[in-house]
Amino acid sequence: METGNREARPEGAGKDFIRNIIDADNASGRFNKRVHTRFPPEPNGYLHIGHAKSICLNFGLAREYNGKCNLRFDDTNPLKESTEYVDSIKTDVRWLGFDWEDREFFSSDYFEKLYLLAEELIKMGKAYVDSLSADEIREYRGTLTAPGKNSPYRERSVEENLDLFRRMKAGEFAEGAHVLRAKIDMAAPNVVMRDPTLYRIRHAEHHRSGGKWRIYPMYDFTHCISDSLEGITHSLCTLEFENNRELYDWVLETLNLYRPQQTEFARLNITRTVLSKRKLIQLVMEKHVNGWDDPRLPTLSGMRRRGYTPEAIREFCARIGIARADSTVEYGMLDFCVREHLNRVAPRLMAVLDPVKVVIENYPAGQTEWFEMPLNPEDESQGCRKTPFSREIWIERDDFMENPPAKFFRLAPGREVRLRYAYYITCKDVKHDEAGNITEIICAYDPESRGGGTPDGRKVKGTLHWVAANEAVALEARLYEHLFDKDDPEDVPAGQTFLDSINPNSLRVVKAFGEPAVAGYGPGSRLQFERLGYFCADPDGTPENPVFNRTVGLKDSWGKIAAKTE
RNA sequence: UGGGCUAUCGUUCAAUUGGCAGGACAACGGAUUCUGACUCCGUUAAUCUUGGUUCGAGUCCAGGUAGCCCAGCCA
């Protein structure tokens, strides 16, 4: 699959700053014209649309420059990581359409090398074992504006440090008793450089190395060395790691290792969307949603279930671009990308969400005729479907008004409209119950209009979708809205939590009726119910009782016209 | 009274590196339409601020302003 990268880039437009950097590196020969990136998630949760930006960037760059991209699990904190997350990440990256071939790595695979390198640092006098408590270390670090001070253990001899570190590794000490720190500068203006912690003691089971290790390396020590070992050229990460770049370079320079170039870019923000891993974990763990693949979530697995396509997500990532300025993309941009793709590929079917009965009084009772209609009017290659028609049909309640305002094009007393691909009908009468609710609309059809046109060529303003009342299958439609109401759910008013910004209507389930053919669409397949929007068949459904998740609706100007006429 | 980074239409990304500020999304108007969808055409709309250099500044220089990140034994 080779779609999704840069096809949205308009002609003549400039490249983003990262591609400019790569071009410059290729021109200078810095990496021998090699491009080797990596996508390095920590397996402590499921991937979300924010990760997709990084995945498309890293894998896309490799594709464009004939390079390679590794998948590396940054698993140095055994407390948070699990194989469930590893598996889900692999599934999601593949689903997005990217392939890391045989380059699947784990930081934990480097634990041995990392340990040796740490000893190296100790021997060089560039690292020491500190026995201060976590609280004391924080105090000694100073503040953002005041320099820190040296730990009393900072001048331990190389021999003592080596001995202590080896015993840390052997598991002789309790968690928190010691840490290994780099010896840099406690007065450094960049707080990251004030003798950063390199190793901590953790008596925990690691999802891969099990109980083998008692000490685990920190991100700052691990990531740069992993990049170096793998021959990465361009190490791309998000803006919050800007301050860590100095340490990234320090470690590799001090150890005299090959040095990739770390470059930071702004992470993805989307209006009304929570992309904080911490909060997503909370939503799942506290069961505010039904698991990581709940279609209301911006996780890749949730979006997949809701019916978003990998093509659409890749297109989205290409369109939003890459920059260093913090930004928040409008959700409408994502919706646009989904509609654009689904419009091309999704077969059309008809369904009615809120049915009202139409009786065609001059159509023979008991008769059923089958109409053939295209699965996609803009793509004949998709073929046709057959749909039954009968005397009693259902139409959408919204498609009829007893007292229509101006510019209402659909059914109303005395008015003629077209039933899509079937007949012209004219409203003759309306029946109500005691409460005044419409129970039945009586119509007459024009037999001459079979197929949706007439010999006299007269026009109608409206075309309705419909399903035959006796032949239609019952189905369940789940109408998902974005889970969050607030423009920026990260920024909630005082006294509230982000949970307060959840839209209580984010999930509505309605019983609906659709063409018999819907039962033929298996889980994951997308289709468009005419005039209702794009839906995805959910694995929860069965052929007898299909369930459809709404991906996105269609644009509809009816609401605007109504507002205007008021 | 620290360090690092950022600032262009409502949103987002560009601007051949000093030479007419452009695209996409959104909004608005129109055409078309057997989905009020799609498609097509058009319109609105931006260089944070104050100076300076220059024939010419979004771009270079100086000073402001605003926002983001950093004081985990998280990543």
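Protein chains get the first letters and strands the later ones, always in sequence-line order, with residue 1 at the start of each.
- Between the side chain of A/Arg410 and the base of B/G36, at least one donor-acceptor pair of N or O atoms lies under 3.5 Å.
- Residue side chain A/Asn190 does not reach the base of B/G2 through any donor-acceptor N/O pair under 3.5 Å, judged by distance alone.
- Look at A/Thr197 and you'll find a side-chain N or O under 4.0 angstrom from OP1 or OP2 of B/C73.
- The aromatic ring centroids of A/Phe73 and A/Tyr85 lie 6.0 Å or more from each other.
- Of the side-chain N and O atoms in A/Lys555, one or more sit less than 4.0 angstrom from OP1 or OP2 of B/A26.
- If you take CG of A/Asp487 and C1' of B/A26, they are 13 Å apart, rounded to a whole angstrom.
- Taking the P atom of each, B/C20 and B/U6 are spaced 25 Å apart, rounded to whole Å.
- Distance from the side chain of A/Trp558 is smallest to B/G36 among B/U35, B/A71, B/G36.
- Taking atom P in both B/G19 and B/U12, the straight-line distance is 26 Å, to the nearest Å.
- At a threshold of 4.0 Å, the pair A/Glu230-A/Arg38 does not count as salt-bridged, since none of the basic side-chain nitrogens sits closer than that to a carboxylate oxygen.
- OP1 or OP2 of B/C73 lies within a sub-4.0 Å distance of a side-chain N or O belonging to A/Arg141.
- For B/U33, there is no paired base (Watson-Crick or G-U wobble, both distances below 3.5 Å).
- At a threshold of 4.0 angstrom between heavy atoms, the contacts of A/Glu264 with the nucleic acid are absent.
- Under the Watson-Crick or G-U wobble criterion, with both distances below 3.5 Å, B/G42 is paired with B/C28.
- For A/Trp558 and A/Phe409, the ring centers are positioned 6.0 Å apart or more.
- A distance below 6.0 Å separates the ring centres of A/Phe165 and A/Tyr199.
- Within 4.0 Å of A/Asp335, counting heavy atoms only, lies no atom of the nucleic acid at all.
- Within 4.0 Å of A/Leu239, counting heavy atoms only, lies no atom of the nucleic acid at all.
- Minimum atom distance to the side chain of A/Arg138 is reached by B/A71, of the listed B/U17, B/A71, B/A75.
- Remark: B/A57 base-pairs with no nucleotide; criterion is Watson-Crick or G-U wobble with both hydrogen-bond distances under 3.5 Å.
- Nucleic acid contact class of A/Tyr199 (heavy atoms, under 4.0 Å, all strands): none.
- A/Tyr331 comes within 4.0 angstrom of nothing in the nucleic acid, heavy atoms only.
- Atom-to-atom, CE of A/Met193 to P of B/A71 comes out at 15 Å; the value is rounded to the nearest Å.
- Distance noted for atom C1' between B/C48 and B/U65: 7 Å (whole Å).
- For A/Val192, the listed nucleotide lying nearest its side chain is B/C70; candidates were B/G36, B/C70, B/G2.
- Look at A/Asp487 and A/Arg272 and you find no salt bridge, because none of the NZ, NE, NH1 or NH2 atoms lies under 4.0 Å from a carboxylate O.
- Contact check, A/Arg202 against B/C74: a side-chain N or O comes under 4.0 Å of OP1 or OP2.
- Atom CZ in A/Arg19 sits roughly 10 Å away from atom P in B/A14 (whole-Å rounding).
- Atom pair A/Met350:CE and B/A37:P shows a separation of 19 Å (rounding to whole Å applied).
- To the nearest angstrom, P of B/C73 lies 16 Å from CD1 of A/Ile215.
- Using a 4.0 Å heavy-atom cutoff across all strands shown, A/Phe336 reaches sugar-phosphate atoms only and no base atom.
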Pairwise N/O distances under 3.5 Å, protein to nucleotides 6-12 of chain B:
unit_1, atom_1, unit_2, atom_2, d
B/G10, N2, A/Glu330, OE1, 3.3
B/U11, O4', A/Glu330, OE2, 3.1
B/U11, O3', A/Thr328, O, 3.2
B/U11, O2', A/Thr328, O, 3.2
B/U12, OP1, A/Thr328, N, 3.0
B/U12, O2', A/Ile320, O, 2.8

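- Between the C1' atom of B/C70 and the CD atom of A/Gln262 lies a distance of 14 Å, rounded to the nearest Å.
- Nucleotides B/C9 and B/U43 are separated by 14 Å at their C1' atoms, to the nearest Å.
- If you check every strand for non-hydrogen atoms under 4.0 Å, A/Ile137 touches a base.
- Of the charged side-chain nitrogens involved, none lies within less than 4.0 Å of a carboxylate oxygen, so that A/Arg410 and A/Asp398 do not count as a salt-bridged pair.
- Between A/Tyr421 and A/Pro189, the residue whose closest nucleotide on RNA chain B is further toward the 5' end is A/Pro189.
- Using a 4.0 Å cut-off, no side-chain N or O of A/Arg245 falls inside it from OP1 or OP2 of B/C5.
- Distances shorter than 4.0 Å separate none of the side-chain N or O atoms of A/Arg339 from OP1 or OP2 on B/C38.
- A distance of about 15 Å separates the C1' atoms of B/U33 and B/C41, rounded to the whole Å.
- Residues A/Phe265 and A/Phe17 keep their aromatic ring centres 6.0 Å or farther apart.
- Listed pair A/Arg200 / B/C74 meets the phosphate criterion, a side-chain N or O lying under 4.0 Å from OP1 or OP2.
- In the set B/A14, B/C74, B/A71, the nucleotide with an atom closest to the side chain of A/Lys80 is B/C74.
- With a cut-off of 3.5 Å on both pairing distances, B/C73 has no Watson-Crick or G-U wobble partner at all.
- Contact annotation: side chain of A/Asn243 to base of B/C69, donor-acceptor pair present below 3.5 Å.
- Base pairing annotation: B/G64 forms a Watson-Crick or G-U wobble pair with B/C48, both donor-acceptor distances under 3.5 Å.
- Between the NE2 atom of A/His223 and the P atom of B/G72 there is a distance of 21 Å, given to the nearest Å.
- Under a 4.0 Å N-O distance rule, the pair A/Arg214/A/Glu172 does not qualify as a salt bridge.
- Comparing the P positions of B/U59 and B/A7 gives a spacing of 12 Å, expressed to the nearest Å.
- With salt bridges taken as basic N to acidic carboxylate O contacts below 4.0 Å, none links A/Arg200 and A/Glu175.
- A/Arg344 and A/Glu311 are not joined by a salt bridge, as no carboxylate oxygen comes within less than 4.0 angstrom of a charged side-chain nitrogen.
- Residue A/Leu132 is in base contact, counting any heavy-atom pair closer than 4.0 Å across all strands shown.
- Among all heavy-atom pairs drawn from A/Ala468 and A/Trp466, the shortest one is N-CE3, 3.9 Å.
- Across all strands shown, A/Glu340 has no heavy atoms under 4.0 Å from either base or sugar-phosphate atoms.
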